Number of protein chains: 2
Amino acid sequence: MDLKQCKKTIDSGLNAGKFIIVIGKCVVKYEGRAASKLSEGDRALIIKKDGTFLVHQSKGMTAINYQGPGAAILTNFDSDNNKLSVSAVRKTKNSLPGNVREQIVVTFNTVNFADAFDLTDDKKLKVFGTEDELSNLLMQDLHLIEPGLLPVQQESPLAKGQIDILARDKNGAFVVIEVKRRQAELAAVSQLKRYVEEVSKKKNTTVRGILCAPSMSENAKKMLDNYNLEFYKLNYEISNPSAKIIGLEKKQKILGEY
Amino acid sequence: MDLKQCKKTIDSGLNAGKFIIVIGKCVVKYEGRAASKLSEGDRALIIKKDGTFLVHQSKGMTAINYQGPGAAILTNFDSDNNKLSVSAVRKTKNSLPGNVREQIVVTFNTVNFADAFDLTDDKKLKVFGTEDELSNLLMQDLHLIEPGLLPVQQESPLAKGQIDILARDKNGAFVVIEVKRRQAELAAVSQLKRYVEEVSKKKNTTVRGILCAPSMSENAKKMLDNYNLEFYKLNYEISNPSAKIIGLEKKQKILGEY
DNA sequence: GCGATCAGCGGCACG
DNA sequence: CGTGCCGTTGATCGC
């Protein structure tokens with residue numbers, strides 16, 4: 001396909017706020033929070049009306065180079081070398097020292113296909129089985145963990161923050177509960193430990209910490225035991241239009257290890 | 001575009017291992033590790049030869065629904081309702097209780113465009129300014145942190161694991177160094193704390209912990225101080241074909257807080 | 001706008 | 001294969 005014509009297709013597509021696709025042999029360069037180079041190969045470039053800019057290779061799920069919404073798109077046809085470059089520039093969100101500007105340049109040597117499409121769609125995705133949903137379900141059924149466990153009301157200034165569930169057990173002790181929708185690993189234990197320390201310090205008392213997850217890695221289990229935190233295996237399903245907690249199973253410390 | 005013809009285009013594209021693009025009005029359903037529903041709207045579907053399956057809306061950087069490499073693609077034309085469904089099925093990697101199978105179904109009511117392209121490309125992306133690169137650079141210039149700091153050789157069984165850099169200071173004390181390429185937040189401090197505890201326990205001695213990052217959040221700084229860990233502001237640039245450490249600046253504890 | 005956390009995180013490297 | 005962790009993480013929500 002003629003590169004000059006391709007530039008026209010892209011430009012008018014940008015103007016009309018369309019969904020643009022370009023397929024061809026290109027080189028990609030990126031500079032911003034990091035820098036990258038991708039030597040020549042066949043790729044698909046997607047440009048959305050919000051400035052999203054995606055370079056996809058023939059394999060792999062993630063875009064090999066990209067620019068998020070808000071990027072300004074520029075095209076340039078180099079008639080001397082017969083190359084078409086398409087670039088996207090934006091300001092970096094995360095302030096990194098010195099690098100505020102992010103730029104990605106795709107230089108096409110040949111283009112097999114280029115077109116722009118009218119896509120209008122602002123439907124939102126509804127997801128079931130998120131951690132937030134599981135956490136809310138569990139909050140209403142704390143007795144599944146143990147009798148007498150009661151949630152500390154959200155209104156309490158102490159319940160604010162990032163803690164999934166704050167509760168008190170039958171003895172009145174504070175219990176921090178962290179819910180994970182998938183296997184809990186070291187980071188999850190660190191996180192729970194941090195919350196427990198925080199509440200413990202604020203209330204100047206001993207605080208229990210409970211991790212609820214479908215499973216735990218071995219190392220995470222060891223670390224949990226070291227910190228005297230508790231683990232409950234969380235069984236749930238998402239078959240319905242929403243998630244459902246099937247049950248919670250207490251996992252005791254493994255003692256026989258010497 | 002005729003849906004029956006579209007099915008043919010997709011099927012032969014799949015057969016030939018091509019890069020397939022379908023644009024049209026569709027509904028998307030997903031069930032697997034979680035579940036989701038996306039009501040009717042215009043979207044672009046991309047299918048790669050490795051089974052990658054991406055549904056993109058007109059805005060936003062990330063695919064609204066997806067399936068990673070390895071998915072099996074199936075097409076079905078429902079002549080009664082004149083609908084074309086394209087689905088992708090694969091086994092979940094992360095073992096979640098009960099849900100091993102992941103399925104995404106895209107049901108098209110109308111299709112504006114469908115074609116398959118020959119994309120061959122196995123070039124690898126070269127990235128500069130990764131944490132790994134910065135860590136390696138720093139390892140060779142530990143004096144930038146303080147005189148007398150020497151790396152513990154990689155061969156040592158103690159240096160194994162996930163610790164970025166393990167060193168000894170001029171007094172012979174172990175120093176765990178964690179490098180972050182962007183602002184360090186609470187999780188980074190938790191991580192460093194964990195490493196310090198680990199080494200401390202293994203060597204049965206006091207261990208220092210140093211966090212090197214371009215910046216830190218306020219809460220992270222407080223937590224760092226609480227744990228008696230140290231922070232060095234890491235200045236670097238990535239202008240060259242590789243990254244370059246400009247300098248390290250010690251950030252003292254904030255004492256005047258009472 | 002910053003910051004803390006989740007994500008169907010994905011991807012990689014190492015045991 | 002699990003698992004730990006980085007990522008130009010992105011996206012979201014609360015402050």
Side-chain angles (χ1 to χ4, degrees), chain A residues 30-36 52-53 60-69 71 88 90 92-96 99 101-104 124-125 127-135 160-164 178-191 194-195 215-220 223 238, chain B residues 30-36 52 60-69 90 92-96 99 101-104 124-125 127-135 160-164 178-188 190-191 194-195 215-220 223 238:
Chain A
Y30 160 75
E31 235 183 82
R33 284 170 288 179
S36 73
T52 296
F53 190 95
M61 196 182 130
T62 54
I64 192 72
N65 275 114
Y66 57 88
Q67 199 78 262
R90 67 165 173 170
T92 306
K93 268 181 207 125
N94 299 20
S95 57
L96 221 50
N99 266 315
R101 175 195 161 93
E102 297 213 277
Q103 178 175 295
I104 167 171
K124 296 289 178 198
L125 184 72
V127 189
F128 311 102
T130 61
E131 176 184 309
D132 192 56
E133 187 184 4
L134 292 174
S135 176
K160 289 287 172 71
Q162 310 86 333
I163 293 172
D164 282 350
E178 175 65 29
V179 180
K180 289 294 169 200
R181 70 177 309 283
R182 58 172 180 167
Q183 173 166 287
E185 314 214 332
L186 290 172
V189 181
S190 283
Q191 188 186 15
R194 175 150 43 91
Y195 296 157
S215 62
M216 278 191 85
S217 72
E218 274 311 305
N219 277 340
M223 186 176 165
I238 45 180
Chain B
Y30 159 75
E31 236 183 81
R33 285 170 288 180
S36 74
T52 296
M61 194 181 133
T62 54
I64 193 71
N65 274 114
Y66 57 87
Q67 199 76 264
R90 68 164 171 169
T92 306
K93 268 182 208 124
N94 298 19
S95 58
L96 221 49
N99 266 315
R101 174 193 161 96
E102 297 214 275
Q103 178 175 297
I104 168 170
K124 296 288 178 198
L125 184 73
V127 188
F128 312 102
T130 60
E131 176 186 308
D132 192 57
E133 188 184 5
L134 292 174
S135 176
K160 288 291 173 67
Q162 312 85 332
I163 293 171
D164 283 351
E178 175 64 29
V179 180
K180 289 293 168 201
R181 71 178 307 283
R182 58 172 180 167
Q183 173 166 286
E185 314 215 331
L186 291 172
S190 282
Q191 189 185 13
R194 177 149 44 88
Y195 296 157
S215 63
M216 277 191 86
S217 72
E218 273 311 305
N219 278 339
M223 186 176 164
I238 45 180

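Every value quoted in this text rests on a predicted model; they were computed, and no experiment measured them. Below, chain A is the first sequence line, B the second, and so on; all start at residue 1.
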Whole-Å C1' distance, D:dG7 and C:dC6: 15 Å
If you assign each of B:Met61 and A:Ala220 to its closest nucleotide in DNA chain D, which residue comes earlier from the 5' end? A:Ala220
List, with names and distances, any nitrogen or oxygen atoms from the protein found under 3.5 Å away from nitrogen or oxygen atoms belonging to nucleotides 13-15 of chain D.
none

Report which part of the nucleic acid A:Asp132 touches: base, sugar-phosphate, or nothing (heavy-atom distance under 4.0 Å, all strands). nothing
Report yes if the side chains of A:Val189 and A:Met216 come closer than 4.5 Å at any heavy-atom pair, otherwise no. yes
Regarding B:Glu133, tell me which of base, sugar-phosphate or nothing describes its non-hydrogen contacts under 4.0 Å with the strands shown. nothing
Report yes or no: is there a donor-acceptor pair, N or O only, under 3.5 Å between the side chain of B:Gln67 and the base of C:dG8? yes
Any residue meeting salt bridge (Lys or Arg N to Asp or Glu O under 4.0 Å) with A:Glu185, in chain and number order, not counting sequence neighbours: none
Please tell me if B:Lys180 has a side-chain N or O lying less than 4.0 Å from either OP1 or OP2 of D:dC6. yes
If I pick the C1' atom on D:dC6 and the same atom on D:dG10, what distance separates them, to the nearest angstrom? 14 Å
Looking only at side-chain N and O atoms, does B:Asn65 come under 4.0 Å of OP1 or OP2 in C:dG8? no
Length of the CG-P vector between A:Leu134 and C:dG8, whole Å: 12 Å
Sorted by chain and number, sequence neighbours left out, salt bridge (Lys or Arg N to Asp or Glu O under 4.0 Å) with B:Glu102 holds for B:Arg33, B:Arg90
Contact class for A:Gln103 (heavy atom, under 4.0 Å): base, sugar-phosphate, or nothing? nothing
Just how far is it from atom OG of B:Ser36 to atom CD1 of A:Ile238, taken to the nearest 0.5 Å? 9.5 Å
Under 4.0 Å between a side-chain N or O of B:Arg181 and OP1 or OP2 of D:dT9? yes
Would one find a side-chain N or O of A:Thr130 under 4.0 angstrom from OP1 or OP2 of C:dC6? no
Taking only N and O in the side chain of A:Arg33, is any of them less than 4.0 Å away from OP1 or OP2 of D:dG10? yes
Check every strand shown and say whether B:Gln191 touches a base, only sugar-phosphate, or nothing at a heavy-atom separation below 4.0 Å. sugar-phosphate
If the condition is salt bridge (Lys or Arg N to Asp or Glu O under 4.0 Å), which residues does A:Arg194 pass it with, not counting sequence neighbours? none
Of all the choices, D:dA11, D:dT8, C:dA4, which nucleotide is nearest to the side chain of B:Asn219 once you look at every atom? C:dA4
Whole angstrom is fine here: how far is it from CD in B:Glu185 over to C1' in D:dG10? 14 Å
Interatomic distance, CZ@A:Arg181 vs CD@A:Glu131, rounded to 0.5 Å, equals 9.0 Å
Quick check: on DNA chain D, is the nucleotide nearest B:Glu131 upstream (toward 5') of the one nearest A:Gly68, or the reverse? Name the residue that is more 5'. B:Glu131
What is the distance, to the nearest angstrom, from the OH atom on B:Tyr66 to the P atom on C:dG10? 4 Å
Residues which pass side-chain contact (heavy atoms from CB on, under 4.5 Å) with B:Tyr195, listed by chain and number, not counting sequence neighbours: B:Gln162, B:Ile163, B:Val176, B:Glu178, B:Gln191
Taking atom C1' in both C:dG8 and D:dG14, compute the distance separating them and give it to the nearest angstrom. 24 Å
Can you name the side-chain contact (heavy atoms from CB on, under 4.5 Å) partners of B:Thr62, sequence neighbours left out? none
Touch class at under 4.0 angstrom, heavy-atom based, for B:Ser36 against every strand present: nothing
Check if the side chain of B:Glu102 and the base of C:dG8 share a donor-acceptor pair of N or O atoms closer than 3.5 Å. yes
Between B:Ser217 and C:dC2, is there a contact of a side-chain N or O with OP1 or OP2 at under 4.0 Å? no
Check whether any side-chain N or O of B:Gln183 sits under 4.0 Å from OP1 or OP2 of C:dG3, and answer yes or no. yes
Counting just side-chain N and O atoms, does A:Tyr195 come under 4.0 Å of either OP1 or OP2 of C:dA4? no
Please determine whether a side-chain nitrogen or oxygen atom of B:Arg194 lies at a distance below 4.0 Å from atom OP1 or OP2 of D:dC5. yes
